[in-house]
Amino acid sequence: MSKLLTPVRIGRYVAPNRLVMAPMTRSRAGEDGVPSEMTVTYYAQRASAGLIISEGVFPSAMGKGYVHTPGIETDTQVAAWKKVTEAVHARGGRIFMQLMHCGRVSHPSLLDGATPVAPSAIKPEGKAWTPVGQVDFVTPRALGLGEIAGIVDQYRQATRRAIAAGFDGVELHGASGYLPEQFLSSGSNQRDDQYGGSVEARARFVLEVLDAMIAEAGADRVGIKLSPEMNYNSITDAAPQETYSYLVSKLRGKGLAYLHVALFGTKVDYHALLRPLFDGAYLIGSGLTQDSAETVLNEDKADATVFGSAFLANPDLPERFRQGAALNAPDRDTFFAPPTAKGYIDYPTLAAEAA
């Protein structure tokens with residue numbers, strides 16, 4: 001029996017398999033951040049995953065960081081997401097919403113002219129994806145001490161709206177150089193108040209956001225994604241092993257549904273470092289194959305495994321693994337595209353191929 005295809009407890013739920021669909025930005029929402037009808041089909045097609053984690057969703061308008069990404073701030077956005085969750089549940093699936101505040105990794109053209117916010121006014125290297133294409137990042141505005149509680153409350157309200165939209169839980173995006181990791185990392189956080197300096201202070205924002213999300217959804221419906229030393233969006237930290245060991249040790253005892261850790265070519269085995277510090281379901285992602293995922297599970301390095309592009313191109317991935325069937329190849333040219341069906345909802349299932 002393939003361990004990949006056995007049940008596993010993730011928070012309050014028992015998933016029927018250990019194949020988790022990764023959060024993947026697809027840039028198919030309208031300019032108003034409302035998911036399209038195609039998005040309903042997209043997630044419903046993949047409902048056989050043990051758990052779906054949605055694409056990154058901005059909790060407030062100031063959190064938007066990319067063109068055509070969805071939000072969970074308005075009633076219209078909530079109503080559109082409710083169609084998604086109903087379609088996933090109708091097929092027996094479970095889906096968490098990933099909350100993604102991009103912070104400094106945004107651009108005024110995405111924020112009605114406002115300057116992106118960050119823990120410190122440090123300009124990241126790289127370019128923002130805007131309605132007119134890629135443009136250089138700008139220097140962000142450092143959040144005032146009195147503003148931070150408001151950002152935390154935006155996550156609280158977004159969690160409330162996600163649950164109202166029918167999501168089974170929420171994930172805090174604490175990776176990829178977005179706002180939580182901007183606070184966590186010494187290279188982007190040069191504050192001298194209670195949110196900067198020591199690792200304890202730099203971790204404060206992440207922990208306060210998690211507590212706010214827990215207060216709305218319950219701890220067993222809240223997960224967090226981390227990616228130590230990914231260094232995406234020019235994020236750096238002087239002592240990442242110390243930083244992430246401290247943060248994960250503070251997660252212990254909160255009763256979180258899961259910790260999702262994705263590693264990208266790090267020299268340090270952060271899974272070996274972090275898993276013993278966490279007391280919930282541990283999810284491993286990034287670059288897995290069926291064989292490597294089986295090895296990870298059989299060696300008890302994780303409770304479940306996270307697949308990205310494989311799920312993108314294979315809506316019925318668990319069944320393909322069950323049968324040992326060939327996989328569709330992902331079309332990278334359509335990963336991020338205008339709201340069209342190509343490369344989004346037109347990948348065939350085994351049943352469709354047989355028909």
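These figures come from a predicted structure and were not determined experimentally. Positions are given from 1, in the same order as the sequence printed here.
Within the 4.5 Å cutoff, side-chain heavy atoms of Pro180 are placed close to those of Leu172. Taking 4.5 Å as the limit, every side-chain heavy atom of Phe264 sits out of range of all side-chain heavy atoms of Glu229. Counting only heavy atoms from C-beta outward, the side chains of Arg9 and Asp220 never approach each other to under 4.5 Å. Looking only at side-chain heavy atoms (C-beta outward), Val261 and Val248 stay at 4.5 Å or farther from each other. In this structure, Leu327 and Leu317 have side chains that are in contact, with non-hydrogen atoms separated by less than 4.5 Å. For the pair Gln182 and Pro140, the minimum side-chain heavy-atom distance is 4.5 Å or more. Counting heavy atoms from C-beta on, the side chains of Leu184 and Tyr244 come closer than 4.5 Å. In this structure, the side chains of Thr39 and Glu55 come closer than 4.5 Å at one or more pairs of heavy atoms.
The structure places CG of Asp279 at 11.0 Å from OG of Ser249, a figure rounded to the nearest 0.5 Å. A distance of 11.5 Å separates CD1 of Ile235 from OG of Ser227, quoted to the nearest 0.5 Å. Residue His173 holds its NE2 atom at 7.0 Å from OG1 of Thr25, rounded to the nearest 0.5 Å. Note: Arg26 CZ to Tyr43 OH = 8.5 Å, rounded to the nearest 0.5 Å. Ile52 CD1 to Arg94 CZ: the interatomic distance, rounded to the nearest 0.5 Å, is 8.5 Å. With rounding to the nearest 0.5 angstrom, the OH atom of Tyr246 is 10.5 Å from the CG atom of Leu251.
Residue pairs meeting the ring-ring contact (aromatic ring centres under 6.0 Å, His included) criterion with at least one partner in residues 78-123, sequence neighbours excluded, are Trp81-Phe167, Phe96-Tyr258. Residue pairs meeting the ring-ring contact (aromatic ring centres under 6.0 Å, His included) criterion with at least one partner in residues 180-221, sequence neighbours excluded, are Phe183-Phe205.
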From CA spacing to verdict: side-chain contact (heavy atoms from CB on, under 4.5 Å), Gln134, Trp129: CA-CA 5 Å; Gln134 288 189 282; Trp129 290 89; 3.4 Å; yes
CA sep, side-chain torsions, deciding dist, call: Leu4, Leu19, side-chain contact (heavy atoms from CB on, under 4.5 Å): CA-CA 6 Å; Leu4 270 174; Leu19 289 159; 3.8 Å; yes
Test log, rule side-chain contact (heavy atoms from CB on, under 4.5 Å), inputs Ile53 and Lys225: CA-CA 10 Å; Ile53 307 173; Lys225 179 182 180 182; over 6 Å; no
Salt bridge (Lys or Arg N to Asp or Glu O under 4.0 Å) evaluation trace for Arg160 with Asp153: CA-CA 10 Å; Arg160 181 180 299 174; Asp153 192 61; over 6 Å; no
Asp112 and Lys64: CA distance, side-chain angles, deciding distance, salt bridge (Lys or Arg N to Asp or Glu O under 4.0 Å) verdict: CA-CA 11 Å; Asp112 290 331; Lys64 183 176 181 178; over 6 Å; no
Derivation and outcome, side-chain contact (heavy atoms from CB on, under 4.5 Å), residues Val67 and Thr130: CA-CA 5 Å; Val67 66; Thr130 76; 5.9 Å; no
Side chain to side chain donor-acceptor pair (under 3.5 Å) between Tyr347 and Gln45, intermediate numbers included: CA-CA 10 Å; Tyr347 286 104; Gln45 288 175 334; over 6 Å; no
Verdict with reasoning, Glu37 to Lys83, per salt bridge (Lys or Arg N to Asp or Glu O under 4.0 Å): CA-CA 8 Å; Glu37 289 295 332; Lys83 294 179 181 179; 2.9 Å; yes
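Of all heavy-atom pairs between Ile214 and Ala219, the closest is CG2-N, 3.7 Å. Of all heavy-atom pairs spanning Val40 and Ala87, the tightest one is CG1-CB, 3.6 Å. Closest of all the heavy-atom pairs between Val138 and Pro124 is O-CD, 3.9 Å. Nearest heavy-atom pair across Thr69 and Phe58 is O-CE2, 3.3 Å. Across His271 and Tyr282, no two heavy atoms sit closer than the pair ND1-OH, 2.8 Å. Residue Asn189 comes nearest to Gly196 through the heavy atom pair OD1-CA, 3.6 Å, listed as atom of the first residue, atom of the second, then distance.
Residues Arg91 and Ser48 bring no donor and acceptor atom of their side chains to less than 3.5 Å of each other. Judged by distance alone, the side chains of Thr159 and Glu216 never bring a donor and an acceptor atom under 3.5 Å apart. If you check the side chains of Glu73 and Gln77, you find no donor sitting under 3.5 Å from an acceptor.
Cluster membership check: Met24 shares its hydrophobic cluster with Leu226, using side-chain heavy-atom separations under 4.5 Å among Ile, Leu, Val, Met, Phe, Trp and Tyr. When the side chains of ILVMFWY residues are joined at heavy-atom separations under 4.5 Å, either directly or via intervening members, Val222 and Val57 end up in a single hydrophobic cluster. Under the 4.5 Å side-chain heavy-atom criterion for grouping Ile, Leu, Val, Met, Phe, Trp and Tyr, Val78 is connected to Tyr155 within one hydrophobic cluster. Residues Val296 and Leu273 share a single hydrophobic cluster, defined by chaining ILVMFWY side chains whose heavy atoms lie under 4.5 Å apart. When the side chains of ILVMFWY residues are joined at heavy-atom separations under 4.5 Å, either directly or via intervening members, Ile72 and Val170 end up in a single hydrophobic cluster.
Judged by distance alone, with hydrogens and angles left aside, the side-chain atoms of Ser120 form no donor-acceptor pair with the main-chain N or O of Ile122 at under 3.5 Å. A distance-only check finds a donor-acceptor pair linking the side chain of Asp168 to the backbone of Ile95 [under 3.5 Å]. With His68 contributing its side chain and Ala29 its backbone, the two residues share a donor-acceptor pair below 3.5 Å. Under a 3.5 Å cut-off, the side chain of Arg204 and the backbone N or O of Gln194 do form a donor-acceptor pair. Distance alone, capped at 3.5 Å, is enough to place a donor-acceptor pair between the Arg18 side chain and the Pro7 backbone. At least one donor-acceptor pair closer than 3.5 Å links the side chain of Glu181 to the backbone N or O of Ser176. Between the side chain of Asp316 and the main chain of Glu319, no donor-acceptor pair closer than 3.5 Å is present. The backbone N or O of Leu263 lies less than 3.5 Å from no partner atom in the side chain of Thr266, so there is not a single donor-acceptor pair. Using a distance-only test at 3.5 Å, with no hydrogens or angles considered, a donor-acceptor pair links the side chain of Arg46 to the main chain of Tyr42. Without hydrogens or angle criteria, Asn328 side chain to Ala313 main chain gives a donor-acceptor distance under 3.5 Å.
More than 12 heavy atoms of other shown residues, nucleotides or ligands fall within 6.0 angstrom of atom CZ in Arg252. Heavy atoms of other residues, nucleotides or ligands lying less than 6.0 angstrom from CD of Glu31 number more than 12. Surrounding NZ of Lys342 are at most 12 heavy atoms belonging to other residues, nucleotides or ligands under 6.0 Å away. Residue Lys301 qualifies as open at atom NZ: its count of foreign heavy atoms under 6.0 Å is 12 or below.
Under the 4.0 Å criterion applied to side-chain N and carboxylate O atoms, Lys82 and Asp75 are not assigned as salt-bridge partners.
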